[in-house]
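One structure is given below, encoded as structure tokens.
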Amino acid sequence: MYNMLLFVFLATAVAARRSPGADYVENWLKEDGNNRYSSNIIEDALLDAPSLIEKYGYPVEIHKLITPDYYILEIHRIPHGRDQNNESDPTRPVVLAMHGLISSSADFITQGPNVSLGYILAESGYDVWLANARGNYYSRANLYLDPDDRRNQDFWRFSWDEIGNIDIPTIVDYILELTGHSKLHYIGHSQGCTSFFVLNSLRPEYNEKFISFQGLAPAAFFVYNEVPFNKVISPYEAVTQLASEKLGFSEILGNRAAFTWFATRYCKEGDIFHDLCVYLLMDGDIDYFNTTLSPVFLGHMPAGSSIRQVNHYAQCVNIKEFRRYDHHRPILNIETYDRPVAPLYNLSQVTAPVYLHYSFGDVTTDYRDVLHLAERLPNVAGMHLIQRSTFSHRDYLWATDAKVQVYNKLIQLMREAEANAK
Ligand SMILES: *[C@@H]1O[C@H](CO)[C@@H](O)[C@H](O)[C@H]1NC(C)=O
Ligand SMILES: *[C@@H]1O[C@H](CO)[C@@H](O)[C@H](O)[C@H]1NC(C)=O
Ligand SMILES: *[C@@H]1O[C@H](CO)[C@@H](O)[C@H](O)[C@H]1NC(C)=O
Ligand SMILES: *[C@@H]1O[C@H](CO)[C@@H](O)[C@H](O)[C@H]1NC(C)=O
């Protein structure tokens with residue numbers, strides 16, 4: 001994640017939201033003839049998540065929700081399967097999947113049917129909802145705040161605290177209301193897990209709305225994290241936060257059009273930057289990474305975040321605790337938390353059944369930090385150590401063997417939790 005962050009931060013900070021290059025690629029595609037490798041790869045990089053789902057013959061719905069603080073969230077639904085469980089059925093169990101930092105709902109579909117989790121869940125008989133947190137490509141809107149206003153950065157004054165405390169409950173309540181169910185499964189990847197812990201520690205009444213929580217690379221603690229970049233950069237988090245707000249660059253990696261443009265021109269097999277793209281995207285074992293799909297991955301991730309999300313993690317790295325966002329000035333902390341120092345999240349309040357999936361090969365969510373987390377959670381129903389020891393952070397989404405390593409077990413654990421809930 002961070003090598004990519006480092007590489008592209010400046011590029012996106014100065015680029016326009018939709019680069020002229022995106023139009024170019026689209027026209028180029030229409031003319032055809034230039035697609036030396038696979039027109040599908042280019043198309044998959046360009047399409048947005050709902051169009052991609054539609055392209056592969058799955059039913060898709062787009063829902064727009066408004067949070068109490070007026071962010072407009074766009075979430076995507078695959079109500080049923082294509083080959084199996086392919087009729088709508090209101091009794092299907094509901095599952096909500098939440099992406100990680102600078103990512104989006106596309107995380108769960110970019111490898112395509114049979115391989116990506118979103119499709120596998122739909123085929124397995126689930127009503128699948130893919131969320132998008134405030135500030136990303138799909139949820140970059142607010143009724144009153146302008147994300148493009150450089151002088152007023154109010155739109156971007158949020159971290160994953162607000163995503164957990166405001167976005168997720170809005171989404172959960174909406175889905176339960178619409179489907180008539182009283183509970184759902186929640187699958188989080190990385191920050192998607194962080195925000196789940198935020199929600200249930202701050203608003204414990206939500207615990208009972210979850211049949212199970214499935215945490216893929218559950219990020220909360222960074223006590224044992226050894227990624228050098230984290231250690232070097234994290235101490236400067238207060239400075240980067242202040243500078244980005246003052247300069248009007250509180251959004252990071254938000255220019256999907258620019259990445260798509262780059263990905264479709266330079267990342268394909270045989271293109272000059274193919275190896276660079278693979279290097280930036282892959283964080284694990286190349287034997288389990290489909291390099292052909294690099295343009296698709298880069299076309300959808302990064303999808304944008306607030307810099308405060310990164311800085312909030314940096315604070316957790318610095319203090320080795322899972323704590324609410326520190327506003328750096330006691331007076332601001334008092335305004336928000338009624339005390340001069342930001343409080344810790346109380347993980348004892350997270351009483352929903354928790355299943356943690358973790359791996360020795362994941363340096364971003366170190367397995368020792370997952371064990372540290374598990375000790376602090378009162379209701380750990382299952383721990384799933386991934387068998388392949390080189391399985392990495394992004395492998396949960398992008399590994400060719402993710403189904404074998406994770407998803408099959410994940411679905412088995414979901415069914416177990418459903419049986420327990422009856
Ligand atoms: C729906 O699922 C059934 C049973 O798996 C299958 O026979 C049928 O071909 C599927 N229908 C479509 C339109 O794919
Ligand atoms: C998808 O998986 C099913 C069984 O799980 C298999 O029958 C089918 O051939 C696969 N399709 C592709 C395109 O790999
Ligand atoms: C990689 O993706 C391409 C395009 O979808 C596919 O044709 C190929 O079979 C995949 N390779 C592996 C090893 O999964
Ligand atoms: C955390 O929650 C637990 C369980 O509700 C409670 O007993 C404990 O006092 C809380 N701790 C703090 C510091 O609020």
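As the structure lists them, so they are numbered: ligands from 1, and atoms in each ligand from 1. In what follows, residues are counted from 1 in the order of the sequence shown.
- Cation-pi geometry between Arg324 and Tyr337 is not met: the NZ or CZ atom fails to fall both under 6.0 Å from the ring centre and inside 45° of the normal.
- Other residues, nucleotides and ligands contribute only 12 or fewer heavy atoms inside 6.0 Å of the CD atom of Glu177.
- A cation-pi arrangement is not found for Lys403 relative to Tyr407, the charged atom failing to lie both closer than 6.0 Å to the ring centre and inside a 45° cone about the ring normal.
- Using bins of under 30°, 30° to 60° and over 60° for the plane-to-plane angle, the ring pair Phe196/Phe213 lands in the parallel bin.
- Of all the atoms in ligand 4, the ones that sit under 4.0 Å from a non-hydrogen atom of Gln349 are 2 (O), 5 (O).
- In terms of polar-atom proximity, defined here as any N/O pair under 3.5 Å, Asn290 does make such a contact with ligand 3.
- Contacts between Val115 and ligand 3, counted as non-hydrogen atom pairs separated by less than 4.0 Å, are absent for every part of the residue.
- Legend: salt bridge (Lys or Arg N to Asp or Glu O under 4.0 Å) pairs involving residues 409-418, not counting sequence neighbours: none detected.
- The Asn346 neighbourhood of ligand 4 comprises atoms 1 (C), 2 (O), 3 (C), 8 (C), 10 (C), 11 (N), 12 (C), 14 (O), with distances under 4.0 Å to a heavy atom of that residue.
- Surrounding CD of Glu61 are more than 12 heavy atoms belonging to other residues, nucleotides or ligands, all under 6.0 Å away.
- The contact set between ligand 4 and Ser348, taken as ligand atoms under 4.0 Å from a residue heavy atom, comprises 2 (O), 3 (C), 4 (C).
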Pairwise, report which nitrogen or oxygen atoms of ligand 1 are under 3.5 angstrom from protein nitrogen or oxygen atoms, and how far apart they are.
| from | atom 1 | to | atom 2 | distance (Å) |
| --- | --- | --- | --- | --- |
| ligand 1 | 2 (O) | Asp83 | O | 3.0 |
| ligand 1 | 2 (O) | Asn86 | OD1 | 3.2 |
| ligand 1 | 2 (O) | Asn86 | ND2 | 2.4 |
| ligand 1 | 5 (O) | Asp83 | O | 3.0 |
| ligand 1 | 11 (N) | Asn86 | ND2 | 2.8 |
| ligand 1 | 14 (O) | Arg82 | O | 3.2 |

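- Applying the salt bridge (Lys or Arg N to Asp or Glu O under 4.0 Å) test to residues at least two apart or on different chains, none of the pairs has a partner in residues 372-384.
- The salt bridge (Lys or Arg N to Asp or Glu O under 4.0 Å) analysis of residues 356-373, with sequence neighbours excluded, yields the pairs Glu226-Arg368, Asp366-Arg368.
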